[in-house]
Amino acid sequence: MYDIKAIYEAFSVEEAIRLLQEHPEAQILAGGSDVLVQIREGRRAGKEFVSIFRIDALRGVTMEEDGTIRIGSLTSFAHITADPIIQNHIPVLGEAVDQVGSPQIRAIGTIGGNTCNGVTSADSASTLHALDAVVELTGPEGVRYLPIEKFYLSAGKVDLKPAELQTAILIPKEAYENYNGFYIKYGMRNAMEIATTGCSVNVRLNDDKTVIEDIRIGYGVAGPVPLRARHAEAVGRGLTVSPESIRAISEAVSEDVRPRDSWRASKAFREHLCHVMCERAAEAAIRRAGGEL
C-alpha cells in the first residue's frame, strides 16, 4: 500500500536533527494526514522519512512570561480549537483550524504540517498571517525565528534549511492583545473542502470603539502563497467605524491580491471573493471588538 524506503523515528528534536543529517534525502513525517496520501498517490514513493510524531515536547499550547503564545508544531488542530489559551486570547485561530477536513483529520493533522506544506489554501495560514505569527525553526546551527510571511517562499516551498525542522509557532502578545478576529473560508461544500479562497481579519478599535486603530488582513488562495493585504491595511488604519470604511478597505485589496485561474475557480471570481470576504470578515471582527455598524 505504501512504497516507503525507510522510516527513522525520532524521540527528541536533537535526535530528529541528527537523523536528518545522517539521511539528507529524508523527508519529515508528522501526523501524516497529507504525506501518507501523497505516498499512496505515488508522489513520494520510495522516499526515506524521519518521523517526529513521538516528540511530545513539540505538542501543546503554552503562554510564555512575556505573554507570547507558543504553539508546538505537533499540536493537532483539534487540540488548538479546544485549548483554553486559544479560546481566551485568539479564538479566531481555533475557529480557522476547525474548518480543516474532517474530525479525524483534525485529530491527527498538525499546525506544523499544515504550514510546512507551503500550500496557499491551508486554513491556518491566512489567520496566522493576520496574527503576525513568528515561526521557530531548529537545526544544526541552533534556533532561528522568521515572520510567517518570510517563511513562505513560493507555491509549495518554505524556508527550511537542511536538517532543520519547525518546532513552534509564536504569537506575540502585542499581536493579539486588544485585537478581535474573524476567518471566512469559501468552498463548494460546507465540509471536507479545500478553500477556494480564505480571508482572516484582525482589528483593534480605540477605547470608545469608533475608530479602527489597526487592521490586519490575511488571505489564502489569493496568490501563490498566503499573503497580507498591506495596502488595504494602510487604507483602513484611522478610519471611523462605518459601512463606508469597510467598503473602502475591501475595495483596496485589489492592490494586494494576485489570484489565478484554476479548475476550482476563475481569477475573476476569486477577485470578487477577496472583496466580499474582506468586507464580511472585517464587519464581523469589528462587531466582536465592540464596534457598532
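The figures here come from the full heavy-atom set of this structure, side chains too, leaving out hydrogens, waters and symmetry mates.
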**Complete:** Sorted by chain and number, sequence neighbours left out, salt bridge (charged side-chain N to carboxylate O under 4.0 Å, His left out) with Arg204 holds for Glu213

**Message:** I'd like to know whether CD of Gln87 has more than 12 heavy-atom contacts from other residues, nucleotides or ligands below 6.0 angstrom.
**Reply:** yes

**Fill in**
Output for pair (Asp56 CG, Phe11 CZ), nearest 0.5 Å, gives 9.5 Å

**Message:** So for atom CZ, which belongs to Arg54, do other residues, nucleotides or ligands contribute more than 12 heavy atoms lying within a distance under 6.0 Å?
**Reply:** no

**Item:** His79: ring pair (Phe, Tyr, Trp, His ring centres under 6.0 Å) partners, not counting sequence neighbours
**Value:** none

**Message:** We want to know whether Ser126 and Ser200 form a side-chain donor-acceptor pair, criterion being a heavy-atom distance below 3.5 angstrom.
**Reply:** no

**Sequence-distant partners of Glu41, side-chain contact (heavy atoms from CB on, under 4.5 Å), two or more places apart** = Val37, Arg43

**Prompt:** Honestly curious: do Ile105 and Val97 fall in one hydrophobic cluster under the side-chain, below-4.5 Å linking rule?
**Reply:** yes

**Item:** Rounded distance [0.5 Å steps], CG in Asp83 versus CD1 in Ile71
**Value:** 8.5 Å

**Item:** Residues which pass salt bridge (charged side-chain N to carboxylate O under 4.0 Å, His left out) with Glu22, listed by chain and number, not counting sequence neighbours
**Value:** Arg18

**Prompt:** Measuring from Tyr152:OH to Thr120:OG1, what's the distance to the nearest 0.5 Å?
**Reply:** 8.0 Å

**Asked** Would a distance-only check, ignoring hydrogens and angles, find a side-chain to backbone donor-acceptor pair under 3.5 Å from Arg59 to Phe53?
**Response** yes

**Asked** What are the two closest heavy atoms between Ile249 and Cys278, and how far apart are they?
**Response** CG2-SG, 4.1 Å

**Message:** Working note: Glu95 + Tyr183, criterion side chain to side chain contact (heavy atoms under 4.5 Å, CB included); need CA distance, chi angles, decisive distance, verdict.
**Reply:** CA-CA 7 Å; Glu95 294 164 0; Tyr183 171 70; 5.7 Å; no

**Message:** If we ignore hydrogens and angles and just use 3.5 Å, is the side chain of Asn206 paired with the main-chain N or O of Val211 as donor and acceptor?
**Reply:** yes

**Message:** Against Tyr219, only a single residue in Asp256, Val257, Val201 fulfils side-chain contact (heavy atoms from CB on, under 4.5 Å); can you say which?
**Reply:** Val257

**Message:** Does Asp208, at its CG atom, have more than 12 non-hydrogen atoms belonging to other residues, nucleotides or ligands within less than 6.0 Å?
**Reply:** yes

**Prompt:** If two hydrophobic side chains count as joined below 4.5 Å and joins carry through other members, does Ile171 share a cluster with Ile215?
**Reply:** no

**Item:** Sequence neighbours excluded, every pair satisfying salt bridge (charged side-chain N to carboxylate O under 4.0 Å, His left out) that has a member inside residues 99-127
**Value:** Asp98-Arg106, Asp123-Lys185

**Message:** Less than 4.5 Å apart, side chain to side chain, heavy atoms only: is that true for Val135 and Gln166?
**Reply:** yes

**Request:** State plainly whether the residues Glu283 and Arg280 are in salt-bridge range, i.e. N to O under 4.0 Å.
**Result:** no

**Message:** Running the 4.5 Å side-chain criterion over Ile, Leu, Val, Met, Phe, Trp and Tyr, what cluster does Leu19 land in, apart from itself?
**Reply:** Tyr8, Val13, Ile17, Leu20, Ile28, Val50, Ile52, Ile55, Leu58, Leu74, Leu165

**Heavy atoms of other groups near Arg237 CZ, more than 12 under 6.0 Å** = yes

**Item:** Charged N-O contact under 4.0 Å between Arg216 and Glu149
**Value:** no

**Request:** Find out if a path of hydrophobic residues (ILVMFWY) with successive side-chain heavy-atom gaps under 4.5 Å connects Tyr179 to Phe182.
**Result:** no

**Item:** Distance in Å, Asp159 CG paired with Arg144 CZ, rounded so as to fall on 0.5 Å steps
**Value:** 4.5 Å

**Message:** Looking at Asp34 and Gln38, would you say the former's side chain and the latter's main chain have a donor-acceptor pair under 3.5 Å?
**Reply:** no

**Message:** Testing the 3.5 Å rule here: is there a donor-acceptor pair between the side chains of Ser254 and His275?
**Reply:** yes

